[in-house]
Amino acid sequence: MRIATRAGRLVLLDPQDGSRAVDVERASAGQFVADPQAVYARWAEFRDWAASASFDSAAPVADTELDAVTPRPPQIFAIGLNYRDHAAESGFALPTEPVVFTKYASSLTGPRGDIRLSPGNVDWEVELVAVIGTGGRDIAEADGWAHVAGLSLGQDVSDRVTQFAAPPAQFGLGKSYPGFSPVGPSLVTPDELRAAGLDPDDLELGCLVNGESMQKGRTGDMVFPIPVLVARLSAIVTLLPGDLVFTGTPAGVGVGMTPPRFLQAGDELVTWCTGIGELRHRFVAA
Ligand code: ZN
């Protein structure tokens with residue numbers, strides 16, 4: 001199953017190729033509301049309905065019409081240094097516990113469009129984003145996937161000057177300028193990925209600037225895979241339906257290059273993940 005947000009309303013995408021969508025509130029005769037954030041509290045029920053939903057009323061939909069999959073998540077977790085090669089390029093030792101910070105919800109944006117540069121050095125970080133379905137506390141690692149509604153794709157856009165303005169480094173603010181958290185184009189359930197012959201624990205992802213590949217990695221290289229993150233986070237925090245977990249970035253960020261390279265006005269950033277889709281953003285002057 002694939003879902004997305006179009007004009008602020010939850011849509012179910014055609015399982016064939018995602019090019020058509022039905023409006024969930026209308027197609028379910030009001031059983032489920034249009035608010036894309038509300039569905040996660042009734043995730044199991046929604047999945048049952050979606051499995052037999054009719055696509056008779058489906059209309060064409062393009063990525064350019066979509067908004068962030070989850071416009072108002074109750075909580076946003078982000079994981080730092082979760083790939084060996086990225087920890088190495090950043091000059092940090094491999095973490096023995098997940099490095100957790102937050103990106104503020106006002107920085108969310110959709111899969112297409114312009115992003116205004118912040119005053120500092122703006123960098124890219126392709127990340128797989130897990131969306132929590134059923135929340136809870138003290139979730140066992142073995143049950144981790146059962147609490148994930150699905151996967152989406154994100155960018156953890158980062159202003160490195162704000163991040164390292166003064167010691168110690170702080171992550172949340174420099175990664176939360178408006179538009180610095182694109183998520184989309186859709187949410188894909190793990191079973192949908194398996195049906196396509198993909199392994200939800202080992203997806204290929206990357207990003208390009210003006211057509212030049214900057215990052216390319218596999219989520220199978222995460223230091224703390226998604227079920228481990230669900231277990232470690234829920235050991236402390238109550239996970240809520242619709243929470244987002246940005247799961248960290250592989251190597252290839254601009255700040256790790258010699259010389260460092262950052263986004264400039266006019267640059268196009270294309271972010272991709274096998275089985276999920278593509279984000280496409282143009283950066284504009286501050
Ligand atoms: Zn990140």
Side-chain angles (χ1 to χ4, degrees), residues 68-87 89-90 92 94-111 115 118 120 122-132 135 144 147-160 162-165 168-184 187 203 205 207 215 217 219 221-240 242-256 269 271 273 276 279 281:
V69 171
T70 51
R72 290 173 286 97
Q75 307 178 97
I76 304 175
F77 304 94
I79 312 300
L81 309 172
N82 201 24
Y83 287 77
R84 287 160 223 286
D85 54 0
H86 175 60
E89 75 176 348
S90 305
F92 289 101
L94 215 55
T96 53
E97 282 292 319
V99 177
V100 182
F101 58 95
T102 190
K103 285 169 78 71
Y104 298 99
S106 57
S107 64
L108 287 168
T109 192
I115 297 174
S118 57
V122 179
D123 203 349
W124 50 85
E125 293 192 358
V126 57
E127 306 204 0
L128 187 68
V129 176
V131 184
I132 300 298
H147 289 261
V148 174
L151 299 174
S152 194
L153 173 62
Q155 263 288 344
D156 179 16
V157 182
S158 303
D159 182 321
R160 302 301 185 193
T162 306
Q163 195 177 342
F164 300 107
Q170 54 167 330
F171 290 3
L173 287 178
K175 292 164 174 275
S176 294
Y177 285 91
F180 274 27
S181 305
V183 177
L187 172 144
L203 300 171
L205 77 178
C207 70
Q215 293 185 278
T219 63
D221 291 331
M222 283 183 195
V223 178
F224 302 102
I226 286 171
V228 177
L229 293 175
V230 169
R232 300 290 181 91
L233 291 171
S234 71
I236 297 169
V237 181
T238 303
L239 295 183
L240 301 171
D243 280 351
L244 297 186
V245 185
F246 280 74
T247 57
T249 198
V253 298
V255 75
L269 178 64
T271 308
C273 181
I276 297 178
L279 315 175
H281 296 95

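Both backbone and side-chain heavy atoms feed into the values below; hydrogens, waters and symmetry mates do not. Since the structure is predicted, the reported quantities are computational estimates derived from the model, not experimental observations.
The heavy-atom pair separating Ile76 from Thr102 by the smallest distance is O-OG1, 2.6 Å. Nearest heavy-atom pair across Pro73 and Thr70 is CD-O, 3.4 Å. Taking every heavy atom of both residues into account, Glu89 and Ala251 meet most closely at OE2-CA, 3.3 Å. When all heavy atoms of Leu94 and Ala87 are compared, the pair lying nearest together is CD1-CB, 3.9 Å. Here the shortest heavy-atom pairing between Ala130 and Ile226 reads CB-CD1, 4.2 Å. Closest approach of Ser118 and Asp159 over heavy atoms only: OG-OD2, 2.5 Å.
With sequence neighbours left out, Asp156 forms a salt bridge (charged side-chain N to carboxylate O under 4.0 Å, His left out) with Lys103, Lys175. Shown here are the salt bridge (charged side-chain N to carboxylate O under 4.0 Å, His left out) partners of Arg160, two or more places apart in sequence or in another chain: Asp123, Glu125. In this view, Arg84 satisfies the salt bridge (charged side-chain N to carboxylate O under 4.0 Å, His left out) rule with no residue, not counting sequence neighbours.
Under the 4.5 Å side-chain criterion, counting only non-hydrogen atoms from C-beta, Phe180 is not in contact with Thr109. Residues Leu151 and Leu203 form a side-chain contact, since some pair of their non-hydrogen atoms from C-beta on lies under 4.5 Å apart. With contacts defined as side-chain heavy-atom distances shorter than 4.5 Å, the pair Ile79/Met222 does not qualify. With a 4.5 Å cut-off on side-chain heavy atoms, Phe246 and Val183 count as touching. Side chains of Pro71 and Leu108 form no contact here, defined as non-hydrogen atoms less than 4.5 Å apart. Under the 4.5 Å side-chain criterion, counting only non-hydrogen atoms from C-beta, Pro250 is in contact with Val126.
Here OG1 of Thr238 is found 11.5 Å from CG of Leu233. Values are rounded to the nearest 0.5 Å. Within the model, atoms CG of Leu173 and OG1 of Thr162 stand 8.0 Å from one another, a figure rounded to the nearest 0.5 Å. Expressed to the nearest 0.5 Å, how far CD of Gln155 lies from CD of Glu127 amounts to 8.0 Å. Atom CG of Asn82 is separated from atom OG1 of Thr247 by 6.5 Å, given to the nearest 0.5 angstrom. Interatomic distance, CZ of Phe224 versus OH of Tyr83, reported as 13.5 Å (0.5 Å rounding).
Put simply, the side chain of His281 gets close to the backbone of Gly110: a donor and an acceptor are under 3.5 Å apart.
Thr249 and Gln215 are linked by a side-chain donor-acceptor pair at a separation below 3.5 angstrom, with hydrogens and angles left out of the test.
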* Evaluate the criterion side-chain contact (heavy atoms from CB on, under 4.5 Å) for residue pair Val223 and Leu81; output intermediate values, then yes/no. => CA-CA 8 Å; Val223 178; Leu81 309 172; over 6 Å; no
* Walk me through it: do Val237 and Asp243 pass the test side-chain contact (heavy atoms from CB on, under 4.5 Å)? => CA-CA 11 Å; Val237 181; Asp243 280 351; 6.0 Å; no
* Asked: Could you walk me through whether Ile132 and Leu240 pass the side-chain contact (heavy atoms from CB on, under 4.5 Å) check?
  -> CA-CA 7 Å; Ile132 300 298; Leu240 301 171; over 6 Å; no
* Go through the steps for Leu269 and Leu279 under the test side-chain contact (heavy atoms from CB on, under 4.5 Å), then give the verdict. => CA-CA 8 Å; Leu269 178 64; Leu279 315 175; over 6 Å; no
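When the options Val129, Leu153, Val157 are evaluated for a side chain to side chain contact (heavy atoms under 4.5 Å, CB included) with Pro182, the one that passes is Val157.
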